[in-house]
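See structure below.
Since the structure is predicted, the reported quantities are computational estimates derived from the model, not experimental observations.
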Amino acid sequence: MIDRHAQGMQTRRAVLGDVHVDRAEAAKSDLDQPFQDLITESAWGTVWSSDAITKRERSMLTLALLAATGNFEEIPMHIRATARTGASKRDVMEAFQHVAIYAGVPRANHAIKLAKQTYAEMEAASE
């Protein structure tokens, strides 16, 4: 049987990076431990660990869904993850164009603003 928690941590680290995961793990408390386990096992250990589609495709889907549902606070984290998933800036913009057509221009516009800010931060950090 697959240990979904262990698989989830491995995938989470591969997608988000050790620094992000270590910071998130250090911030856990008894209060949110069950929630963190749920996310690690289901989102990372099952969905993100599936090989049915590529990490690049999954990254594009995730960003589009976050924008379409107005969950903007996680977009910068997933933009940073594109450096590990292989989703290019063009891929991200294509996903956000779908959001504009199917979920609304204001949501896509805000997601693009966040993406631009995050890419600029990433570029500045790599200099």
Side-chain angles (χ1 to χ4, degrees):
M1 187 168 148
I2 296 173
D3 180 344
R4 293 286 176 198
H5 193 275
Q7 179 61 54
M9 287 303 289
Q10 181 181 349
T11 300
R12 188 176 173 201
R13 287 182 181 284
V15 172
L16 299 178
D18 289 331
V19 171
H20 174 87
V21 176
D22 290 345
R23 185 173 49 245
E25 285 293 297
K28 279 193 312 191
S29 70
D30 290 342
L31 180 64
D32 68 339
Q33 179 71 46
F35 175 77
Q36 294 298 323
D37 289 342
L38 173 70
I39 297 305
T40 300
E41 293 166 12
S42 60
W44 296 108
T46 301
V47 174
W48 273 90
S49 292
S50 170
D51 62 0
I53 62 174
T54 67
K55 296 287 188 268
R56 174 184 161 266
E57 294 165 324
R58 201 167 301 283
S59 200
M60 293 166 65
L61 283 168
T62 300
L63 284 162
L65 287 165
L66 288 170
T69 57
N71 289 298
F72 300 113
E73 64 279 351
E74 291 206 1
I75 286 177
M77 174 180 71
H78 281 281
I79 290 292
R80 287 184 194 92
T82 63
R84 292 176 194 81
T85 65
S88 68
K89 289 180 182 180
R90 182 174 179 186
D91 292 335
V92 171
M93 289 307 299
E94 289 293 326
F96 290 156
Q97 285 187 43
H98 270 67
V99 170
I101 298 303
Y102 293 101
V105 170
R107 288 188 176 190
N109 189 46
H110 189 64
I112 291 166
K113 175 184 170 186
L114 293 171
K116 288 169 63 175
Q117 289 172 348
T118 306
Y119 283 129
E121 292 168 6
M122 291 168 67
E123 289 167 11
S126 69
E127 293 176 352

Exercise for review: Sequence neighbours left out, what passes side chain to side chain contact (heavy atoms under 4.5 Å, CB included) with I2? Give chain and number order.
Suggested key: R4, Q7
Review point. Has the side chain of K55 got a donor or acceptor atom that lies under 3.5 Å from a matching backbone atom of A87?
Key: no
Check your understanding: What about W48 and L65, same hydrophobic cluster or not, with Ile/Leu/Val/Met/Phe/Trp/Tyr joined at side-chain heavy-atom distances under 4.5 Å?
Key -> no
Practice item. Ignoring hydrogens and angles, tell me if any N or O in the side chain of T40 forms a donor-acceptor pair with the backbone of G45 under 3.5 Å. Key: no
Exercise for review: Can you run down the ring pair (Phe, Tyr, Trp, His ring centres under 6.0 Å) pairs that involve residues 105-127, sequence neighbours left out, and say none if there aren't any?
Suggested key: F72-H110
Review point. Do side-chain atoms of S49 reach the backbone of W44 as a donor and acceptor pair under 3.5 angstrom?
Key: yes
Check your understanding: Given the rule that I, L, V, M, F, W and Y join up when any side-chain heavy atoms are under 4.5 Å apart, are M93 and L63 in one cluster?
Key -> yes
Check your understanding: Where is the tightest heavy-atom contact between S126 and E123, given as atom of each residue plus distance?
Key -> OG-O, 2.9 Å
Check your understanding: Within the distance-only criterion (no hydrogens, no angle test), does the side chain of D22 pair as donor or acceptor with the backbone N or O of V19 below 3.5 angstrom?
Key -> no
Check your understanding: Of all heavy-atom pairs between T85 and S59, which one has the smallest distance, and what is that distance?
Key -> OG1-OG, 3.1 Å
Practice item. Determine, using the 4.5 Å side-chain heavy-atom cutoff (strictly less than), whether L114 and M122 are members of one ILVMFWY cluster. Key: yes
Revision key, fill the gap. Distance col, row I75:CD1 vs Q117:CD, nearest 0.5 angstrom, shows 11.0 Å
Practice item. Using a 4.5 Å cut-off on heavy atoms from C-beta on, say whether the side chain of R58 contacts that of V47. Key: yes
Point to revise | For R13 against R84, the heavy-atom pair lying closest together | key: O-CD, 4.4 Å
Check your understanding: So do the side chains of H98 and M60 get within less than 4.5 Å of each other, counting heavy atoms only?
Key -> no
Study note, to complete from the structure: Distance col, row N71:CG vs R107:CZ, nearest 0.5 angstrom, shows 8.0 Å
Check your understanding: Is there side-chain contact between R80 and H20, with at least one heavy-atom pair below 4.5 Å?
Key -> no
Exercise for review: Return the minimal non-hydrogen interatomic distance between V21 and R12, and the atom names on each side.
Suggested key: CG2-CG, 3.7 Å
**Study point:** Minimum heavy-atom distance between F96 and A115, given as atom pair plus value
**Key:** CE1-CB, 4.0 Å
Exercise for review: Please report the closest heavy-atom contact between T118 and P76, naming both atoms and the distance.
Suggested key: OG1-CB, 3.4 Å
Check your understanding: With a cut-off of 6.0 Å (strictly less than), are more than 12 heavy atoms of other residues, nucleotides or ligands near NZ of K116?
Key -> no
Practice item. With the side chain counted from C-beta on, respond yes when I79 and V92 share a heavy-atom pair under 4.5 Å apart, and no when they do not. Key: yes
Exercise for review: List for me each residue that meets side chain to side chain contact (heavy atoms under 4.5 Å, CB included) alongside S88, sequence neighbours excluded, and say none if there are none.
Suggested key: R90, D91
Point to revise | Shared hydrophobic cluster, M9 / V15 (ILVMFWY, side-chain heavy atoms < 4.5 Å) | key: yes
**Study point:** Distance, nearest 0.5 Å, that separates CD of E57 from OG1 of T62
**Key:** 11.5 Å
